[in-house]
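What follows is a set of notes on a single structure, which appears directly below.
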Amino acid sequence: MGGFGHYLASHLVTMRKEFWFLFVGGVANGFLYGMVAVGYTLVYGVLRLINFAHSEIFMSGGFAGYFVMKALIGTSSPNGFATVYLIIIGIVAGGVVGAVVATLLERVAYRPLRKRNAPKLAYLISAIGASYFLFNMAGKEFGRYSISVPQPYINHTVFTIFGAPVQLYYIVILIAGVIMLLGLDRVVATTKLGRSIRAVAQDAETASLMGVNIDRTIALTFIVGGALGGAAGFLFGLGTGVVYTMGFTPALKAFTAAVLGGIGNLRGAMIGGLLLGVAESLSVVFVQAAYIDVVAFGILVAVLLFRPTGILGERLGRAA
Amino acid sequence: MKLRLNKTVAAVASSALLLMAVPAVGIASASGAASKPTYTIGYEGPLSGGNQQLGLNMVFAVQLAINQANKTGKLPFKLQLKTYDDQGDPTISPTQAQSAVHNKSLVAMVGPAFSGATAAAEPYFKAAHLATVSPSATRVSLATSGWNNFFRVVADDGVQGPADANYMVRKLGKTSVYVVNDGTAYGSGVASAFAAQATADHATVSTATVPGTTQCQNGTASATQYSAAATQAVASGAKALFYGGYYCDLGLFLGALKSAGFSGAIMSDDGSLSPALIQGTTPASAANGVYLTCACASSTNKSFNLQYQALAHFSAANATYAPEAYDAANAIINAMKSLKKITRVAIVNALHKLSYKGMTKVIKFQKNGNIAGSAIYVNQVKNGKIVQLGLE
């Protein structure tokens, strides 16, 4: 243990710059995972099902952002105030399209099953089918190659931490992530919609007896989760480009984050996302980049062994 | 839509070819009766099926070379083209080879185009002592199977990695290289060949595997790995980076390398040689300066490009292996020129002695039929466009 501790310490000292660079990147990824993870957790809360088509909501948001950026930016290179305004537009575009796709999914793939009291397995197949339908359609319509998104900023280094550059892209994600996740937390905790969501999550039948419109609440839950997922898709696409399969891995990671934090638990999803993002990024300090996914899923298994309900536990129907 | 367009182009192109071939044969036999004998040069490659475009790229170049040779009027013979469509398929190739062998006027063959098809057909060509000059078959073992009649004007798969390493270390003077592969058989093959030669050239080499991502349908890893991988590349302190893999993942990696502040030279293989590399790099400027190498040449010869366009009705700029097919046909024609009496065996022997300055490179064959000398082209991304610099 001491030997390893020493190795760890010396490694951290020699790689301090890399450490902080990876840490910042990990936090940014963590916020993206968190924004997608809340979509899984919200839907699980109200429907007790995993929306496996959430990855395609993410992808739709990415493409929406791409088309808006392409139309507004073209070949120019905006900066200053235009940057702020373009990023807000991109996030809104991603969010709106994400919400629309989520609504369509709920209407087409889930509601008919719910009305007929279909078994859970049917939802799962329906979700996977919808996912394949959506990403293959995107591949057909938009091409099966990666497309880089016109940049609404010049991605310069804003400041450094111990010599590690912190770039504008990461700062954009941090600010957007904090605002959206805090906002969502407040909405669920304090508004009437939030109360309905929590009520349906706790006991759907009783909630409906109390006058909560279940259909409407479920639809709104999809809209909220879809908006965050779509916005995250835009932010992700800004850094790595958009392609029809872009949703697969990030959404799988986000689902992992949601389970890690405790599925159905909103703050759990956010914490799970951050933890996963930072852990997988920092794993590179010790092993090669190729092991990132091994570390990420290793952490998941390890946590679930000791806390089968996740870090914060399944606290369904509560504010947090 | 794209597919339909291609098919239309292909249909128009092949009918154009037919129209051209028919009068060519007519004229040849008419004037042949007067004085000159007529010989047939064959082309075997995919002229239908999924790889049709590649075959068309080559066959128009062969036709152009033959037309030009006939037009000079200086040759003591007339040439005509006969095509053999193997669809690139090793199961179809032997029947086409047998049919070619039985054509008495056929003296040599450009092709076969694909390695598998070549391996299947070559025993028949060998038995008939028929020279075959492939513009595009790159499988290493083709040259070591004891086929005296086999030639190719393109470098084989084993050449690229070491040639790239020599260019990076000796020409560009990079003494430390970070060698990355994408975990595919192709990418890791090129990367390990590169690493071995760079080490032999006394460069400091460190290697890493950064597997292909779901973002690129080229693996199961996540695109988020690239910022971490780029950090490691920077931390290694290497002056240069070589990437063995394909354009899509390289594009993601280039963006991350720029963000991480990597300032060394970057080089990759022909898997990355595509305009889609620039399209998929965020920001696109991160692709500038990247070296991309290929055994294939892109034609920069204006007169060739004009005549090719006029014949094929599509541009030579994107016609992969057209310049090589042109050189292969001209190699055969030049071997024939040197002969008093033209027979299949005599052409094989003449090709072994040939030294001819082709469009892509000097066409001079090693004993095993491989092209001699450097045959890898290096390109560089400049202002968002891929520019051919020349041979390595």
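Below, chains carry the letters A, B, ... as their sequence lines are ordered, and counting in each starts from 1.
Atom SG in Cys216(B) sits 12.0 Å away from atom CE in Met246(A) (nearest 0.5 Å). Taking OG from Ser283(A) and CD from Gln225(B), the interatomic distance works out to 10.5 Å, rounded to the nearest 0.5 Å. Rounded to the nearest 0.5 Å, atoms CZ (Phe253(B)) and OG1 (Thr240(A)) are 14.5 Å apart. In this structure, CG in Leu22(A) is found 8.0 Å from CD in Gln232(B), a value given to the nearest 0.5 Å. Rounding to the nearest 0.5 Å gives a distance of 12.0 Å between CG of Asn218(B) and OG of Ser146(A).
Taking every heavy atom of both residues into account, Ala260(B) and Phe21(A) meet most closely at CA-CZ, 3.7 Å. Ser259(B) and Gln167(A) make their closest contact through O-NE2, 2.6 Å (heavy atoms, listed as atom of the first residue, atom of the second, distance). Between Thr220(B) and Asp293(A) the shortest heavy-atom distance is O-OD2, 3.9 Å. For Gln151(A) against Thr282(B), the heavy-atom pair with the smallest separation is NE2-CG2, 3.1 Å.
Side chains of Asn155(A) and Lys258(B) form no contact here, defined as non-hydrogen atoms less than 4.5 Å apart. With contacts defined as side-chain heavy-atom distances shorter than 4.5 Å, the pair Lys253(A)/Ser222(B) qualifies.
Applying the 6.0 Å contact sphere to CZ of Phe135(A) captures more than 12 heavy atoms from other residues, nucleotides or ligands. Residue His202(B) places its NE2 atom among 12 or fewer non-hydrogen atoms of other residues, nucleotides or ligands, all under 6.0 Å distant. Crowding of Phe242(B) atom CZ: a count of heavy atoms from other residues, nucleotides or ligands under 6.0 Å exceeding 12. More than 12 heavy atoms of other residues, nucleotides or ligands shown are found within 6.0 angstrom of CZ on Phe67(A).
Between the side chain of Thr245(A) and the backbone N or O of Thr214(B) there is at least one donor-acceptor pair closer than 3.5 Å. Here the side chain of Gln215(B) pairs a donor or acceptor atom with the backbone of Gly241(A) at under 3.5 angstrom.
By number of non-hydrogen pairs under 4.5 angstrom with chain A, the leading residue of Thr281(B), Ile278(B), Thr224(B), Val210(B) is Thr224(B). Top candidate by heavy-atom pairs under 4.5 Å with chain B, chosen from Phe236(A), Tyr291(A), Tyr169(A), is Phe236(A). Ranking Gly25(A), Gly239(A), Ala28(A), Gly277(A) against chain B, the residue ahead of the rest is Gly239(A), based on heavy-atom pairs under 4.5 Å. For the options Ala223(B), Cys248(B), Ala208(B), Pro283(B), heavy-atom pairs under 4.5 Å to chain A are most numerous at Ala208(B). Counting heavy-atom pairs closer than 4.5 Å to chain A, the top-ranked of the candidates Ala228(B), Ser285(B), Ala256(B) is Ala228(B).
Neither the backbone nor the side chain of Leu32(A) comes within contact range of chain B; no heavy atom of the residue lies under 4.5 Å from a heavy atom of that chain. Of the two parts of Ala230(B), neither the backbone nor the side chain holds a non-hydrogen atom closer than 4.5 Å to a non-hydrogen atom of chain A. With a threshold of 4.5 angstrom between heavy atoms, Tyr33(A) approaches chain B through side-chain atoms but not through N, CA, C or O.
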